[in-house]
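See structure below.
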Amino acid sequence: MIDLQDILTYYKSISSSPSGQTPRYIPLLNALLALLSIYIVYRIIFPATHLSSASRDAERQAQTKPEPIVYTIFTPASLQPFNGLDQERVLMAVKGNVYDVSAGKSFYGPNGPYSNFAGRDASRGLAKGSFDEDMLTPLDHPIDTLDDLSPEEINSLNDWEQHFAGKYLLCGKLVQEL
């Protein structure tokens, strides 16, 4: 059995200096440990309630019930309003598949680096690695068949398609006319 007197004797032997006095830092160390213990107990009983703005936004979004996403057939003209300005959702077509890229609104939405692709068929621009406006087929023209792409550009476009398929929700198909 462990004797309390033995523990106290041991503690005194390791905490005292050769002159027999307790070093000055021991009471300070004990005080700091006591304050740390009180703080930890306080945080366990009263956890922090402030949320960052990102946490508040996520919480608000989770509380609102989003509209269900229904697989839809789009034409270039019916896809165009889903650019983050006219409609809140941001949609984008790649190789005839329409993806909801709203989760990446900072990239594809207004003022994002890929914002010109929002609500449009981005296939040619992605294949060529160009985000210029001239990569977009005008809305009143037929859907780009991409027949003139090189094998490297086709591979690049396939990689982009896999990226979108793995990251975003497929929500429709892009066709010329309904």
Side-chain angles (χ1 to χ4, degrees), residues 39-178:
Y39 177 76
I40 290 172
V41 169
Y42 175 79
R43 278 292 160 210
I44 290 172
I45 295 171
F46 303 105
T49 58
H50 70 282
L51 297 173
S52 69
S53 63
S55 297
R56 281 193 298 273
D57 291 345
E59 190 173 284
R60 233 181 280 122
Q61 188 177 9
Q63 289 173 352
T64 61
K65 294 181 180 176
E67 290 183 34
I69 295 175
V70 178
Y71 189 88
T72 307
I73 305 297
F74 293 95
T75 63
S78 66
L79 180 63
Q80 196 276 329
F82 293 94
N83 57 12
L85 293 172
D86 302 330
Q87 294 283 330
E88 189 170 328
R89 283 177 56 204
V90 181
L91 305 182
M92 195 169 108
V94 179
K95 288 180 64 178
N97 292 317
V98 178
Y99 295 95
D100 186 336
V101 295
S102 300
K105 198 170 191 172
S106 61
F107 292 104
Y108 305 105
N111 301 319
Y114 307 100
S115 62
N116 59 326
F117 291 155
R120 303 293 293 269
D121 180 8
S123 301
R124 178 166 293 279
L126 294 173
K128 293 194 171 277
S130 174
F131 309 112
D132 297 332
E133 288 287 329
D134 63 340
M135 291 290 120
L136 300 172
T137 304
L139 295 175
D140 58 349
H141 285 65
I143 294 175
D144 191 349
T145 59
L146 308 171
D147 290 337
D148 62 335
L149 295 179
S150 71
E152 293 83 22
E153 291 169 338
I154 291 170
N155 285 338
S156 177
L157 181 57
N158 290 338
D159 290 345
W160 275 106
E161 182 184 30
Q162 287 178 345
H163 167 75
F164 284 99
K167 188 169 185 177
Y168 299 109
L169 180 67
L170 175 66
C171 65
K173 183 139 191 83
L174 184 64
V175 298
Q176 186 60 46
E177 294 180 23
L178 291 176

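The model shown is predicted, which means the values in this text are computed figures rather than measured ones.
Rounding to the nearest 0.5 Å gives a distance of 7.0 Å between CG of Asp148 and OG1 of Thr145. Annotation: the span from Ser123 atom OG to Lys95 atom NZ amounts to 8.0 Å, rounded to 0.5 Å. Here CG of Asp86 is found 6.0 Å from CD of Gln80. Values are rounded to the nearest 0.5 Å. From Leu91, atom CG reaches atom CG of Leu174 across 11.0 Å, with rounding to the nearest 0.5 Å. The distance from the CE atom of Met92 to the CG atom of Asn83 is 13.0 Å, given to the nearest 0.5 Å. Annotation: the span from Asp100 atom CG to Lys105 atom NZ amounts to 10.0 Å, rounded to 0.5 Å.
A salt bridge between Asp132 and Arg124 is absent, with no side-chain N of the basic residue lying under 4.0 Å from a carboxylate O of the acidic one.
The minimum heavy-atom distance linking Val90 with Gly84 is given by the pair CG2-CA, 3.7 Å. Taking both residues in full, the closest heavy atoms of Ile69 and Cys171 are given as CG2-CB, 3.7 Å, listed atom of the first, atom of the second, then distance. Minimum heavy-atom separation, Gly109 to Ser115: O-CB, 3.0 Å. Looking at every heavy atom in both residues, Leu126 comes nearest to Phe117 through CD2-CE1, 3.9 Å. Annotation for Phe74 and Phe82: closest pair CE2-CE1, 3.7 Å, computed over non-hydrogen atoms. Smallest separation of non-hydrogen atoms from Leu170 and Val98: CD1-O, 3.4 Å.
Using cut-offs of 30° and 60° for the angle between ring planes, the Tyr114 and Phe107 rings count as tilted. Ring geometry for Phe164 versus Tyr108: interplanar angle of 30 to 60°, hence tilted.
Applying the 6.0 Å contact sphere to CD of Glu88 captures no more than 12 heavy atoms from other residues, nucleotides or ligands. Counted within 6.0 Å of CD on Glu177, heavy atoms from surrounding residues, nucleotides or ligands total 12 or fewer; the atom is thus considered open. Counting non-hydrogen atoms of other residues, nucleotides and ligands closer than 6.0 Å to CG of Asp134 gives a total above 12. The 12-atom threshold is not exceeded at OH of Tyr39, counting heavy atoms of other residues, nucleotides or ligands nearer than 6.0 Å.
Arg120 contributes a side-chain N or O that, together with a main-chain N or O of Thr137, makes up a donor-acceptor pair within less than 3.5 Å. Of the possible polar contacts, none joining the Lys167 side chain to the Val101 backbone as a donor-acceptor pair under 3.5 Å is found. Remark: side-chain polar atoms of Thr75 are not paired, donor with acceptor, to backbone N or O of Gln176 under 3.5 angstrom.
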